[in-house]
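Structure first, commentary second.
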Number of protein chains: 2
Amino acid sequence: MKEQEAIDRLAALAQPTRLALFRRLVRRGAEGMAAGAIGEALGVPAPTLSFHLTALERAGLVTSTRSGRSILYAADYRAMEELLGYLLENCCADGGCAPAAPLVAPPRAKKAKSVP
Amino acid sequence: MKEQEAIDRLAALAQPTRLALFRRLVRRGAEGMAAGAIGEALGVPAPTLSFHLTALERAGLVTSTRSGRSILYAADYRAMEELLGYLLENCCADGGCAPAAPLVAPPRAKKAKSVP
DNA sequence: TTCATAGTTCTAGAATACTAGAAATATAAG
DNA sequence: CTTATATTTCTAGTATTCTAGAACTATGAA
């Protein structure tokens with residue numbers, strides 16, 4: 001992972017609205033959630049919401065897919081893992097702690113349940 | 001961990017100079033590194049360096065201890081673990097992935113070698 | 001079509017953060 | 001005490017980000 005990419009992701013998460021958005025999506029799992037539903041749940045006006053969702057997407061932390069009139073957003077776990085790995089790279093190169101390989105298991109899809 | 005604390009830490013890391021600083025200290029381990037040495041290694045002017053080290057310390061990501069004329073800075077792994085845990089809290093509450101308890105082992109001190 | 005719904009883009013004002021020179025402070029050495 | 005070194009605080013100019021109203025676009029229903 002390149003430094004700029006890591007900074008983009010950290011900056012994306014370093015903002016109250018976006019952090020809440022992301023965590024909400026993390027909880028939701030692979031199914032994702034419509035923009036409107038997120039905005040309603042968090043009490044964020046539509047333009048502000050769109051601004052932040054776009055930021056998260058540009059940073060690669062969430063993905064979006066249109067479903068009818070709605071747009072479903074979902075957290076991208078892979079991106080998160082990459083970021084965590086980058087942050088702890090060469091951790092204690094002096095010999096302290098182990099590299100702790102795959103920090104987090106990726107979400108196992110629940111029996112390939114298609115989301116229309 | 002409180003939301004504001006997480007945001008402070010993410011914001012602290014979401015900046016090129018500070019991210020480089022932190023990663024350098026992560027590599028250094030518990031020994032830490034004098035401010036001047038870091039600044040020289042990264043080519044950052046002293047006032048700028050101080051500004052960023054202070055930001056990292058306020059965020060709880062690094063600790064500082066004076067040693068003679070120098071001030072030694074060191075990464076705080078505990079803080080990092082807390083942050084990672086917060087980011088993935090309730091990961092896939094729908095039932096996907098496991099909580100992945102202690103994401104990273106804390107750095108084992110190398111035989112209690114005191115750093116004056 | 002025409003209407004309603006779901007989201008996005010445009011916009012500009014308010015707030016916050018970054019940089020680095022100059023000056024100040026603490027420690028140590030002579 | 002005087003000087004040198006290590007780092008911090010003060011400062012101001014520049015740049016970036018956040019917010020939300022108004023206007024716009026896309027999809028689906030009647």
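Every chain is numbered from 1 and lettered A, B, ... according to where its sequence line falls, protein lines coming before strand lines.
Taking every heavy atom of both residues into account, A:A34 and A:L72 meet most closely at N-CD2, 3.5 Å. The two residues B:F22 and B:V62 have their closest heavy-atom pair at CD1-CG1, 4.2 Å. Across all their heavy atoms, A:E3 and B:P16 have their closest contact at OE2-O, 4.1 Å.
Look at CZ on A:R58: it is 11 Å from C1' on D:dT17, rounded to the nearest Å. Counting to the nearest Å, the C1' atom of C:dT16 and the CG atom of B:D8 are 13 Å from each other. Atom CD of B:E57 is separated from atom P of D:dT7 by 13 Å (rounded to the nearest Å). A:L10 has its CG atom 17 Å from the C1' atom of D:dT16, to the nearest Å. In this structure, A:I7 places its CD1 atom 16 Å from P of C:dA17, rounding to the nearest Å. Atom CG in B:L49 sits roughly 18 Å away from atom P in D:dC10 (whole-Å rounding). Summarising the geometry, the separation between CG on B:L42 and C1' on D:dT7 is reported as 16 Å, rounded to the nearest angstrom. As a whole-Å value, the separation of A:L56 CG from C:dT8 P is 12 Å.
Listed for the B:Y77 side chain is a donor-acceptor partner under 3.5 Å among the backbone atoms of B:V26.
Residue A:S70 has no polar side-chain atom (N or O) positioned under 4.0 Å from OP1 or OP2 of C:dT5. Neither OP1 nor OP2 of C:dA6 sits under 4.0 Å from any side-chain N or O of A:Y73.
Put simply, the side chain of B:L19 reaches to within 4.5 Å of the side chain of A:L87, judged on heavy atoms.
Taking A:E5 as the reference, A:R9 meet the salt bridge (charged side-chain N to carboxylate O under 4.0 Å, His left out) condition, with sequence neighbours excluded.
Among the atoms of the strands shown, only primed sugar atoms or phosphate atoms (P, OP1, OP2) are found under 4.0 Å from some heavy atom of A:A35.
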Once base and sugar-phosphate atoms are separated, protein heavy atoms under 4.0 Å mark nucleotides 18-27 of chain C, 5' to 3', with B, S and - as SBBBB----B

Taking only distance into account, with no hydrogens and no angle test, what donor-acceptor pairs under 3.5 Å do side-chain atoms of residues 36-51 of chain A form with protein atoms, sequence neighbours excluded?
none

